[in-house]
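Note on naming: letters A, B, ... go to the chains in the order of the sequence lines (proteins, then strands), and numbering restarts at 1 for each one.
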Amino acid sequence: MSQLSDRYKPQDVESKTYKWWEENSYFEAQDTSTKPPYCIILPPPNVTGFLHMGHALDHTLQDVLIRWKRMSGFNTLWLPGTDHAGIATQSVVEKDLAKQGIKRHDIGREEFVEKVWEWKHQYGDRIVSQMKRLGDSCDWSRLTFTLDEGVSKAVRKVFVDLYKKQRIYKGTRLINWSPKLESAISDLEVEYKDVKGSIWHIKYPLSDGSGYLTAATTRPETLLGDTAVCVNPTDERYKEHIGKTVELPLVGRKLKIIADDYVDKEFGSGVVKITPAHDFNDYEIGQRHQLEMLNILNKDGTLNENAPEKFQGLDTKKAREQVVSELEEQGLLLKVEPYTHSVGHCQRTGCVVEPLLSEQWFVNTKDMAIPAKRVVESETIVFEPESWTKTYLHWMNNIQDWCISRQLWWGHQVPAWYCSDCQHITVKEQDPAECENCNSKNIQQDEDVLDTWFSSGLWPFSTMGWPEETEAQKTFYPTNVLVTGHDIIFFWVARMIMLGLEFKQDVPFRTVYIHGLIRDSQGRKMSKSLNNSIDPVEMIEEYGADALRFTLMSQIASGRDIKFSTQRLESSRNFMNKIWNAARFALNVLEDFEPPKEEPLTAVSSRAHLSDADVWIIQKTGECEKAVDDALSNMRFSDAAGALYDFVWHEFCDWYLEFIKPVVYGDKPEEKAATQLVLSQVLNRVVRLLHPFSPFISEEIYQKLPIKSEACVIDQYPTVKNDKTWLALGVEDVAFEVDVTRAVITAIRNIRGENRISPGQKIKAKLIPHADKGQKILGKGQSSIMTLAGLAECEIVSEADKNKCAVTPVVLKDISIDVVIPLEGLVDFEEEIKRLEKNIDKLSKEENQISKRLSNDNFVKNAPDEVVEEAKQQQASLQQQIESLKSSLLRLK
RNA sequence: GCGGACAUAGCUCAGUUGGUAGAGCACCAGCUCGACACGCUGGUGGUCAGAGGUUCGAGUCCUCUUGUCCGCACCA
């Protein structure tokens with residue numbers, strides 16, 4: 001015992017163990033194998049990012065599955081990667097340069113990209129080493145970065161292919177523009193937030209001088225880009241004005257009054273100003289009516305030359321103030337009202353997004369959405385929890401074209417070259433030397449890069465060597481499970497499904513496991529601004545990776561968020577320590593143990609000497625294996641963790657280790673040897689069962705076991721099927737007998753506790769079994785009962801004088817035993833009277849309920865026979881117990 | 001506006017075809033009993049958000065109400 005500390009110290013174990021696993025290549029998958037494949041692709045984290053709690057959860061889920069399947073005989077591949085994360089990474093480097101007073105435009109594209117690469121080389125390992133600290137058992141030999149050559153090839157091939165199929169096109173459309181990024185962003189990157197603002201009602205004078213129309217707006221500065229006003233064609237108030245014009249305030253332009261069904265007669269004045277270049281609805285109206293699209297914004301969100309000179313160069317906020325004040329001066333402002341409306345914000349920078357008319361690259365997703373919908377409808381791909389299916393299908397049904405070009409420098413540059421001579425666009429996988437149309441050498445590559453999600457969307461096959469034909473793809477595509485949060489179902493999951501079907505003609509994965517978010521202990525999102533983020537690496541340092549992993553797994557419930565608290569972590573850490581100490585005890589007991597020569601894990605030769613407790617723990621091990629297997633098969637991770645916790649703590653430690661102490665400290669070598677064998681076998685299974693959840697401590701203990709093979713990480717996962725021979729040693733009837741013994745011990749302990757009999761005080765007990773079977777059980781359990789209940793004497797009798805005694809009836813199935821403890825001289829009877837009254841009260845309530853049920857004719861008539869029968873038995877048993885307690889009470893009073 | 005999720009012990013959550021509520025933490029009482037005080041033993045906590053319905057029987061199924069959260073759409 002001396003060589004092991006009585007505290008489990010994760011830091012002594014984790015890094016050395018991980019290194020050893022890596023050195024032995026235990027995580028590496030085989031491209032070809034006779035084993036069945038099992039593959040998960042890791043959602044690639046931002047290459048220069050930190051590991052956060054969301055990753056910890058996401059990765060632990062995947063690692064549990066992977067380790068479980070690896071131990072279950074699968075050729076497992078957990079394919080890791082990192083993402084160049086275009087906007088995020090570029091922003092970080094830009095911020096860093098800004099500290100030195102440098103802007104990216106100062107140093108130019110080439111040098112800037114060089115700086116980002118430097119940054120990547122400096123910080124790119126951090127996230128990987130953090131993943132290793134968590135215990136992620138990825139096949140690192142396959143680590144892929146989204147800008148790697150192979151992936152880049154895949155990206156170009158897909159782009160060119162889709163372009164040729166006319167699924168990718170270049171067009172001038174209204175897009176979401178982030179003035180801070182000076183780039184287009186996709187619909188998904190816009191976050192709508194309710195903002196308290198105002199609505200301004202503005203007079204638009206009729207050109208014929210007959211009055212004015214009133215249009216309301218929440219963005220008055222956009223009136224500078226108005227090219228029409230619009231009314232509902234059936235609106236009697238304005239019918240006569242349709243086709244006429246109004247004067248645009250502050251600008252003087254004549255605007256046509258048009259009619260369109262889009263306008264709601266009931267809303268406001270029923271007149272809408274139309275700014276086709278800066279509003280999505282207006283854009284559509286503009287297209288229907290062939291209106292001029294007047295772009296009034298520069299890239300940085302300031303007003304451009306299409307606005308009157310005095311507004312040029314102002315940002316939208318200042319322009320708004322000035323427009324409003326001028327309207328007021330000219331008496332064109334009718335009223336201002338407070339108004340709350342939702343405003344699009346850039347997900348990355350938080351700035352207000354401006355709809356802007358701009359030329360960009362798009363993917364036409366409509367056709368690809370059709371098969372992507374079908375595979376989910378047909379359950380070829382299944383979402384867990386299932387409720388996400390609806391969300392996914394809804395989005396697919398309303399899918400918009402995907403704007404894939406970004407005006408950034410960090411990423412996959414669009415493989416399109418413009419000819420300055422013939423204007424032809426050459427789209428090619430290899431950099432062309434000349435225009436494919438006119439052979440001019442005067443060509444220039446498109447400056448834009450592709451949306452990061454474009455390359456991520458190819459991840460399930462680009463990481464496996466596509467477009468080359470590789471063994472890896474044959475073996476591992478489609479992958480089995482995708483584990484991720486719901487925030488990227490559209491960004492990533494949907495795109496992988498569409499692109500996988502398009503380019504691999506098969507789904508990328510079978511199951512999508514969507515987990516919740518990690519929140520703080522108050523249920524708030526973890527965020528920088530609230531400063532409530534918890535660093536998983538700090539948690540690992542303080543509590544150990546196993547404790548963190550176990551906490552997450554015991555709290556994860558399908559589709560629900562996790563409120564993370566260190567209290568739970570502490571409890572998991574205590575659990576790890578419990579296991580550690582149980583192992584410490586066991587290893588001490590096993591010091592002089594010599595494993596039998598024959599196949600040790602299923603050795604049955606010593607069956608004759610097995611104690612009831614041995615049989616019992618084997619039986620319970622089997623039950624635990626079944627529970628864990630069921631839970632993991634259904635991805636019910638908290639059930640699996642809970643089953644392990646209960647089994648290890650409350651069965652193995654609380655009872656089995658206590659039961660065997662007299663045996664292992666005793667003087668019967670055959671019994672001791674048998675128990676040693678069982679103990680070593682059970683502990684071996686305990687650590688293997690725990691391994692997916694707590695890989696470090698389980699490997700550490702495993703390596704010290706007298707019975708083991710090479711490594712826990714690659715040993716077989718214990719299941720009822722795999723353990724059939726050994727588990728056959730567990731006998732249900734014997735296990736039940738031990739359960740009766742436990743119940744008797746608990747009853748005595750209860751009497752002791754409630755009567756405050758000091759633990760050190762040895763007492764006498766009489767046990768009265770009401771049948772031969774009970775007598776036999778007590779006979780077998782007697783010595784355990786004496787030890788564990790602290791008895792000096794234990795008589796098994798058919799009848800006893802119960803005067804001045806505490807009496808507790810113990811009833812389990814068909815076994816009924818009265819536990820009788822003489823109290824005379826030990827305590828006064830007040831506590832015992834209280835205890836009895838409390839128990840009588842409790843049992844009477846139960847009995848009452850059952851009686852009520854049984855006296856209901858309809859229940860007896862309609863309920864299944866076995867339910868009625870069970871109720872009757874319960875009633876009889878309760879009545880008997882109550883009687884027994886009542887008579888004891890009388891004897892005390 | 002449409003859709004989804006949730007409401008169970010003080011806290012965090014289990015509760016899988018409807019059979020009469022469980023765990024961990026916290027709390028109370030007592031314990032150096034040859035692994036562990038990150039421990040051991042015993043114990044106290046619940047009108048299962050509210051109302052109605054189906055049923056012999058509802059935490060579980062249906063309807064409505066209230067409250068919380070999350071998507072999507074609209075927002076002149």
Side-chain angles (χ1 to χ4, degrees), chain A residues 1 4 6-8 192 194 199-202 214-219 229-230 262-264 267-274 279 281-282 339-343 385 387-388 390-391 394-395 398 486-487 489-490 516-517 521 523 543 547 554-555 557 559-565 567-568 570-589 630 634 636 638-639 642 645-646 650 653-654 657-658 661 665 746 749-760 787-790 835 838 846 849-850 853 856-864 866-868 870-871:
Chain A
M1 200 150 305
L4 287 182
D6 66 354
R7 286 280 164 92
Y8 172 59
Y192 288 90
D194 275 348
I199 186 162
W200 287 267
H201 299 258
I202 300 163
T214 305
T217 179
T218 54
R219 296 187 296 155
V229 293
C230 189
Y262 162 75
V263 178
D264 177 2
F267 193 97
S269 63
V271 180
V272 183
K273 61 188 267 316
I274 304 297
D279 182 282
N281 290 310
D282 293 6
Y339 194 77
T340 301
H341 60 134
S342 82
V343 177
S387 57
W388 290 106
K390 210 167 174 177
T391 310
H394 181 258
W395 187 75
N398 296 285
H486 58 75
D487 48 338
I489 291 178
F490 308 140
L517 255 54
S521 57
Y543 298 93
S554 60
Q555 275 196 266
R560 287 185 66 148
D561 291 349
I562 288 180
K563 283 183 199 167
F564 188 87
S565 74
Q567 232 176 34
R568 283 297 275 250
E570 258 178 56
S571 137
S572 299
R573 181 257 268 138
N574 296 351
F575 181 48
M576 295 305 135
N577 194 53
K578 186 76 181 174
I579 296 161
W580 181 254
N581 275 292
R584 207 158 65 93
F585 169 73
L587 291 171
N588 186 47
V589 166
D630 284 353
N634 293 300
R636 297 179 63 101
S638 61
D639 285 359
Y645 186 95
D646 282 343
H650 298 307
C653 292
D654 284 354
L657 295 185
E658 297 305 324
K661 276 177 185 172
Y665 293 134
T746 303
R749 284 172 173 173
N750 174 276
I751 292 169
R752 299 185 65 122
E754 296 277 282
N755 283 292
R756 290 153 218 256
I757 299 170
S758 130
T787 317
L788 296 183
R835 188 184 78 93
K838 193 174 71 187
E846 272 181 57
Q849 278 192 328
I850 293 176
R853 228 188 312 160
N856 180 347
D857 286 345
N858 284 324
F859 171 70
V860 180
K861 234 189 306 179
N862 295 316
E866 66 265 26
V867 173
V868 177
E870 203 190 315

#### Entry: Check: A/Gly790 main-chain N/O paired with A/Arg752 side-chain donor or acceptor under 3.5 Å
yes
One should report the stems of RNA chain B, each a stretch of at least three consecutive Watson-Crick or G-U pairs at distances under 3.5 Å, as B:1-7 with B:66-72, B:10-13 with B:22-25, B:27-31 with B:39-43, B:49-53 with B:61-65
message = Any donor-acceptor pair, under 3.5 Å, between the side chain of A/Arg749 and the base of B/rU41, if you only look at N and O atoms?
response = no
Within the 4.0 Å heavy-atom criterion, would you say A/Arg752 contacts the bases, only the backbone, or no part of the nucleic acid? nothing
Using the six-membered ring of A/Tyr645, assess whether NZ or CZ of A/Lys578 lies under 6.0 Å from its centre and within 45 degrees of the ring axis. no
Rounded to whole Å, CD1 of A/Ile199 lies from C1' of B/rA76 at a distance of 6 Å
State whether the distance check finds a donor on one side and an acceptor on the other, under 3.5 Å, for side chain A/Gln555 versus base B/rA14. no
Glycosidic torsion of B/rG45 (syn if within 90° of 0, anti otherwise) classifies it as syn
| query | When the P atoms of B/rU8 and B/rC28 are considered, how many whole Å apart are they? | reply | 25 Å
* Asked: Checking all strands, does A/Ala863 fall into the base, sugar-phosphate, or nothing category for heavy-atom contacts under 4.0 angstrom?
  -> base
Taking any heavy-atom pair under 4.0 Å as a contact, classify A/Glu866: base, sugar-phosphate, or nothing.
nothing
Residues at least two apart in sequence or cross-chain that pass salt bridge (Lys or Arg N to Asp or Glu O under 4.0 Å) with A/Arg853, listed by chain then number, are none
| Can you find a side-chain donor-acceptor pair between A/Asp654 and A/His650 that sits under 3.5 Å? | yes
**Request:** Give one of base, sugar-phosphate or nothing for A/Asp654, where a contact means two heavy atoms less than 4.0 Å apart.
**Result:** sugar-phosphate
- Task: Look at the side chain of A/Lys578 against the base of B/rC36 and say whether a donor-acceptor pair falls under 3.5 Å; ignore hydrogens and angles.
- Result: yes
Notebook entry, point to check: What does A/Tyr339 touch in the nucleic acid at a heavy-atom separation under 4.0 angstrom: a base, only the sugar-phosphate, or nothing?
Noted result: sugar-phosphate
* To do: Would you indicate what A/Val263 reaches in the nucleic acid, counting non-hydrogen atoms under 4.0 angstrom: base, sugar-phosphate, or nothing?
  => base
Sequence neighbours excluded, the answer for salt bridge (Lys or Arg N to Asp or Glu O under 4.0 Å) partners of A/Lys390 is none
Checklist entry - NA contact type, A/Cys653, heavy-atom cut-off 4.0 Å: base, sugar-phosphate, or nothing? => result base
Hey, are A/Arg219 and A/Asp279 close enough for a salt bridge, meaning a charged N less than 4.0 Å from a carboxylate O? yes
